[in-house]
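Quick notes on the structure that follows.
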Amino acid sequence: VTISGGTYLASTGAQVFNGGLTVSGGTFTGSTGIVDVNGNVSITSGTLIAPSGSFTVNGNWSKTGGTFTPGSSTVTFDATTGTKTIASGASAFYNITFDDGGNSATFELQDALDVNGSLTILGGTLDTGSDNAITVGASWTNADTFTPNSGTVTFDSVTTGNTVTAAESSFYDVTFDGVGGVWTLQGNLTVDNDLTIANGELKTGGYAITMKGDFANAGTFTHENGTVIFSGAATQTFDPGSSTFYDVVISNTVADVDLTAHALTVSHILTISENSSLDLNAMNLTATGATFTNLGTLKLAGNQTLTGVTQI
């Protein structure tokens, strides 16, 4: 179906577009009924207003012009095989779900993806393509595979109650940047490069965060008895901000982990593994009531204070 002019008012009942849906002019206005596109969605001009009911797409999504108005809808990509491409054309989705029904589909980004609500991977692989960025305004739920390449995922909610479920997939760069936003991990998190808390609060939910790059905290990190592990293969920097950490493990055997900007406070266990080094860079270290296990090297610059450290 091609909408090239005028206004198409969708039905309150289910509508199936077996040949795809193209908007090249005019307006497609969704209603409360299901819109099921068994093919590609293409927006080159005009306006596509998403239905408030279910909106499923079995093919590619391409927006090269015109306007996409997501409302508060969820767009579900439900291809079961092959690679489907998503070019958002700088228009945001509200909620977006990927669900190949337990099959083998890949959903590959062609440009940056902005999701005002939640992103869910129920089935299939979400691939960032050429390192395209993803911005998520609420929660992230992954029950299958996310391929980050060298892309950045930014969480920018300004409300509480957001969750991050990474499953077995890692992030490359991940940033939390929403004043008033709170995110709680629902499982372990691996970050292949950098994790930044620019604004808001990250709660571990008691899970582990494994860092291959730098950790920078300018907001709030709430440990909830979770562990942060530094296991990169190059020099890593660690700015704890003003937050207290529960367990910290330094296991980078290639280069130092360098403390920056703020002193480090550990409340439970600080471990420096064999052949690993923590460089305090003249910052203070507080480990009162904590266990300090040093099988590697703690580097001191002098004139700093070590509180509660009984083994060096």
Side-chain angles (χ1 to χ4, degrees), residues 20-23 37-44 48 50 55-70 73-101 103-157 162 164-178 183 189-196 213:
L21 175 62
T22 296
V23 180
V37 181
N38 290 321
N40 301 327
V41 170
S42 174
I43 308 168
T44 59
L48 171 57
F55 188 3
T56 58
V57 179
N58 191 252
N60 304 322
W61 180 285
S62 174
K63 178 183 172 294
T64 57
T67 302
F68 172 59
T69 302
S73 69
T74 297
V75 177
T76 299
F77 291 89
D78 63 356
T80 57
T81 60
T83 297
K84 305 303 178 183
T85 59
I86 300 168
S88 66
S91 286
F93 292 81
Y94 187 72
N95 295 319
I96 190 167
T97 296
F98 304 92
D99 185 5
D100 72 348
N103 292 285
S104 59
T106 295
F107 307 95
E108 184 178 286
L109 302 184
Q110 304 299 295
D111 57 6
L113 176 64
D114 187 6
V115 181
N116 291 335
S118 295
L119 184 152
T120 303
I121 308 169
L122 290 178
T125 298
L126 174 60
D127 192 318
T128 65
S130 300
D131 307 331
N132 291 298
I134 300 175
T135 301
V136 177
S139 297
W140 175 289
T141 303
N142 177 20
D144 202 329
T145 304
F146 172 59
T147 303
N149 300 302
S150 297
T152 299
V153 176
T154 299
F155 294 92
D156 64 355
S157 174
N162 306 295
V164 178
T165 305
E168 299 301 317
S169 298
S170 62
F171 290 84
Y172 183 74
D173 287 333
V174 61
T175 297
F176 299 89
D177 190 6
W183 300 267
L189 174 65
T190 298
V191 182
D192 289 338
N193 199 45
D194 299 339
L195 184 152
T196 303

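Index from 1, following the sequence.
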Could you tabulate the donor-acceptor pairs under 3.5 Å formed by side-chain atoms of residues 145-153, not counting sequence neighbours?
residue	atom	partner	partner atom	Å
N149	ND2	D127	OD1	2.7
N149	ND2	T128	OG1	3.0
N149	ND2	G129	O	3.1

Please tabulate, for the side chains in residues 89-98, all donor-acceptor contacts under 3.5 angstrom to protein atoms that are two or more places apart in sequence or on a different chain.
residue	atom	partner	partner atom	Å
S91	OG	K63	NZ	3.3
N95	OD1	S118	N	2.7
N95	ND2	T74	OG1	3.4

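Side-chain atoms of N40 do not come within 3.5 Å of backbone N or O of G59 as any donor-acceptor pair. Checking side-chain atoms of N116 against main-chain N and O of G137 turns up no donor-acceptor pair under 3.5 Å. Judged purely by atom type and a 3.5 angstrom limit, S88 uses its side chain to pair as donor or acceptor with the backbone of A112.
Two residues are said to be in side-chain contact when any heavy atoms from C-beta on lie closer than 4.5 Å; V164 and V174 fail this criterion.
Test N60, L126, I86, N58 against F77 for side-chain contact (heavy atoms from CB on, under 4.5 Å) and you get one pass: I86.
Note that CG of L122 is 11.0 Å distant from CG of D78, once rounded to the nearest 0.5 Å. Atom CZ of F155 is separated from atom CH2 of W183 by 8.5 Å, given to the nearest 0.5 angstrom. Atoms CD1 and CG, from I134 and L119 in turn, are 6.0 Å apart once rounded to the nearest 0.5 Å. Distance check: Q110 CD to T85 OG1 gives 4.5 Å after rounding to the nearest 0.5 Å. Within the model, atoms CG of D111 and OG of S130 stand 10.5 Å from one another, a figure rounded to the nearest 0.5 Å. Once rounded to the nearest 0.5 Å, the distance linking CG of D173 with CG of D194 reads 5.0 Å.
Using the six-membered ring where Trp is involved, F68 and F55 have ring planes that are tilted, between 30° and 60° apart.
In this structure, the side chain to side chain donor-acceptor pair (under 3.5 Å) partners of D192, at least two apart in sequence or on a different chain, are S170.
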Step by step, would you call N162 with S157 a side-chain hydrogen bond (donor to acceptor under 3.5 Å, both in side chains)? CA-CA 8 Å; N162 306 295; S157 174; 3.0 Å; yes

Apply the test side-chain hydrogen bond (donor to acceptor under 3.5 Å, both in side chains) to residues T80 and D100: give CA-CA distance (whole Å), side-chain angles for both, the deciding distance (0.1 Å), then the verdict. CA-CA 4 Å; T80 57; D100 72 348; over 6 Å; no

Using the side chain to side chain contact (heavy atoms under 4.5 Å, CB included) rule, take F171 and W140 through it: C-alpha gap first, then chi angles, then the decisive distance, then the call. CA-CA 12 Å; F171 290 84; W140 175 289; 3.7 Å; yes

Stepwise side chain to side chain contact (heavy atoms under 4.5 Å, CB included) test for V57 and V75: CA-CA 7 Å; V57 179; V75 177; 4.2 Å; yes

Show your working on side chain to side chain contact (heavy atoms under 4.5 Å, CB included) between V41 and L48 and close with a plain yes or no. CA-CA 10 Å; V41 170; L48 171 57; 4.1 Å; yes

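The heavy-atom pair separating N132 from L109 by the smallest distance is ND2-O, 3.2 Å. When all heavy atoms are compared, the tightest approach of G101 to D99 is N-OD1, 3.0 Å. In this structure, A166 and L189 approach most closely via the heavy-atom pair CB-CD1, 4.1 Å.
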